[in-house]
Amino acid sequence: MEQQIKITRTSDSRLKDVDFDNIPLGTVFTDHMFICEYENGSWNNPRIEPLELIPTHPAAMALHYGQAIFEGMKATVGNDNTPLLFRPEENAKRFNHSARRMGMPTVPESLFVEAVAKIVGVEHSWIPPMEGSALYLRPFMYADEPFIGMRAATSYKFIVICSPAGPFFTKKIRLYAETEYIRAADGGTGEAKAAGNYAAAILPTEKAKAKGYDQVLWLDANEHKYVQEVGTMNIFFKVEGKFITPSTDGSILKGITRDSVITLLKDKGFEVTERPITIDEVIEFSKQGKLEEAFGTGTAVAIAMVEAIGYNDEVITLPSENPVSQDMKKTMDEIKTQKQADNHGWIIPVQVEEEVS
Ligand SMILES: *Cc1c(COP(=O)(O)O)cnc(C)c1O
């Protein structure tokens, strides 16, 4: 990258106030953020500075027209306390894929990866060391140009904030197959990690929760027939010893965990097929006793075992044992902490940014 990322440190770290054994989810942020601005066709002044409020014009276009995208990734600690990133270049590529769909400028992949690595290098002491814990990273971009009118904005902010995350609840999840609302339609924005997708999912998710479920299992927009994905996770089913997962059809978010799990399952000798999967098929497999395991995959939880799926008036319950899901969770965790070999070159060590005083 042409421009150096300038680092300005806080003189008043809040790290000492954090109880790593008891981290409330998504409410604790590290001392610094990465920030840079897009104007006149280029990204300017990339820097790391103390995290603070950002003055926002009431006409900032993201607030009105929703040009806002994000990524989610995790930093862990490996051997000799080295901070690690997991496939960050994949997040960079997907960020730009999202940006293009939303008519936003792309960020050079090298700037994205360097921004993420640099903030982790500065905040490395914030990576919780306990098993299953990590420093959650949230790169995001939004249109901050003050303008009333429908067109692509001309100015944007690209920011990375970090939030320490304890071991995510390993409770099994109950899914509600949604037949009224949809998440993504052909030609829509389902393949982008765009803020608006999640806004539209909030009401259906709240309704599913009121019915006693944890998350929505999204079905396709045309026929409410094909399984797409879950909340912020992709979905896998184990049927008679083999795995199936919905093929990415343009409406499904291409999860990096999904991709990694497909590779790891194949490494372990499992057959994995990406294909359209109907909800009726899933129900039928369950009734025939062929549905052995189901799990969601995503950066936040890695692997979330499915306990039950509700569909219309039926509820199918998964077997209580899920050995392969458990093994996948462990394998992902151990690769990310260098307790298992990283045979695919997924782990990127990060250089610690020493404090100079
Ligand atoms: C982020 C996300 C996923 C999972 O992607 P990962 O790269 O595995 O974290 C799946 N579905 C949706 C809708 C998402 O937003």
Side-chain angles (χ1 to χ4, degrees), residues 26 66 68-76 85-99 101-102 112-113 116 132 134-141 160 163 165 168 173 175-178 181-185 188-202 204-205 208 214-221 226-237 245-265 272 274 277 294-304 306 325 328-329 331-333 335-336 344 346-348:
I69 58 169
F70 66 95
E71 271 302 320
M73 39 206 304
K74 276 181 170 177
T76 44
L85 288 169
F86 185 77
R87 309 185 73 182
E89 70 295 339
E90 295 299 323
N91 295 93
K93 285 188 193 130
R94 188 170 65 191
F95 195 61
N96 284 337
H97 185 70
S98 302
R101 177 61 185 84
M102 306 309 287
F112 182 100
V113 173
V116 167
L135 185 62
Y136 184 82
L137 311 175
R138 171 50 61 86
F140 63 105
M141 190 208 301
V160 185
S163 175
F168 260 89
I173 52 171
L175 304 179
Y176 179 70
E178 177 58 67
Y181 300 103
I182 58 146
R183 187 189 96 91
T189 59
E191 219 183 63
K193 237 172 154 67
N197 288 346
Y198 305 87
I202 286 172
T205 306
D214 300 297
Q215 299 262 342
V216 172
L217 177 62
W218 295 106
L219 304 178
D220 74 289
Y226 294 97
V227 173
Q228 289 190 322
E229 59 183 309
V230 178
T232 57
M233 288 184 285
N234 298 108
I235 182 106
F236 285 73
F237 302 99
T245 187
S247 34
T248 52
D249 60 352
S251 299
I252 293 177
L253 203 286
K254 289 184 180 168
I256 296 162
T257 318
R258 173 186 183 279
D259 182 74
S260 308
V261 164
I262 290 174
T263 301
L264 293 173
L265 285 172
V272 186
E274 299 174 58
I277 300 168
F295 59 83
T297 62
T299 296
V301 286
I303 310 282
V306 176
S325 317
M328 267 302 116
K329 191 170 179 70
T331 304
M332 285 293 284
D333 263 355
I335 291 174
K336 289 185 180 186
H344 300 283
W346 288 339
I347 294 298
I348 307 293

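The residues of the chain are indexed from 1 along the displayed sequence. Both ligands and their constituent atoms are indexed starting at 1 by order of listing.
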Where ligand 1 meets Arg183 - atom numbers and elements under 4.0 angstrom, heavy-atom basis: 13 (C)
To which protein heavy atom is [atom] closest, and what is the distance rounded to 0.1 Å?
{"atom": "atom 9 (O) of ligand 1", "value": "Thr299 OG1, 2.6 Å"}
{"atom": "atom 2 (C) of ligand 1", "value": "Lys193 NZ, 2.6 Å"}
{"atom": "atom 15 (O) of ligand 1", "value": "Tyr198 OH, 2.3 Å"}

Between [X] (side chain only) and [Y] (backbone N and O only), is there a donor and an acceptor less than 3.5 Å apart?
{"X": "Lys329", "Y": "Ala304", "value": "no"}
{"X": "Thr245", "Y": "Ile235", "value": "yes"}
{"X": "Ser98", "Y": "Lys193", "value": "yes"}

From Glu191, Glu71, Glu89, residue fulfilling side-chain hydrogen bond (donor to acceptor under 3.5 Å, both in side chains) relative to Arg94: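 Running side-chain hydrogen bond (donor to acceptor under 3.5 Å, both in side chains) over Glu191, Glu71, Glu89 with Arg94 returns exactly one hit, Glu71.
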Contact with ligand 1 for Glu90, non-hydrogen, under 4.0 angstrom: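 In this structure, Glu90 fails to qualify as a contact of ligand 1 - no heavy atom is under 4.0 Å.
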Gly231 heavy atom under 4.0 Å from ligand 1: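 Under 4.0 Å: yes for Gly231.
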Measure from [atom] to every heavy atom in [options] and give the option owning the shortest one.
{"atom": "atom 6 (P) of ligand 1", "options": "Ile256, Leu253, Val261", "result": "Ile256"}
{"atom": "atom 4 (C) of ligand 1", "options": "Thr232, Asp259, Thr257", "result": "Thr232"}
{"atom": "atom 13 (C) of ligand 1", "options": "Met233, Arg258, Glu229", "result": "Glu229"}

Contact summary for Val113 and Ala92, nearest pair of heavy atoms: CG2-CB, 4.2 Å
Distance-only N or O hit between ligand 1 and Lys254, under 3.5 Å: no
Ligand 1 to Thr297 polar contact by distance, N or O atoms, under 3.5 Å: no
Electrostatic pair Glu274:Arg258 at N-O distance under 4.0 angstrom: yes
Residue list, side chain to side chain donor-acceptor pair (under 3.5 Å) with Asp220, at least two apart or on another chain: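 Asp220 satisfies side chain to side chain donor-acceptor pair (under 3.5 Å) with no other residue.
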Residue pairs, two or more places apart or on separate chains, that pass salt bridge (charged side-chain N to carboxylate O under 4.0 Å, His left out) and touch residues 226-237: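 Matches after skipping sequence neighbours: Arg183-Glu229.
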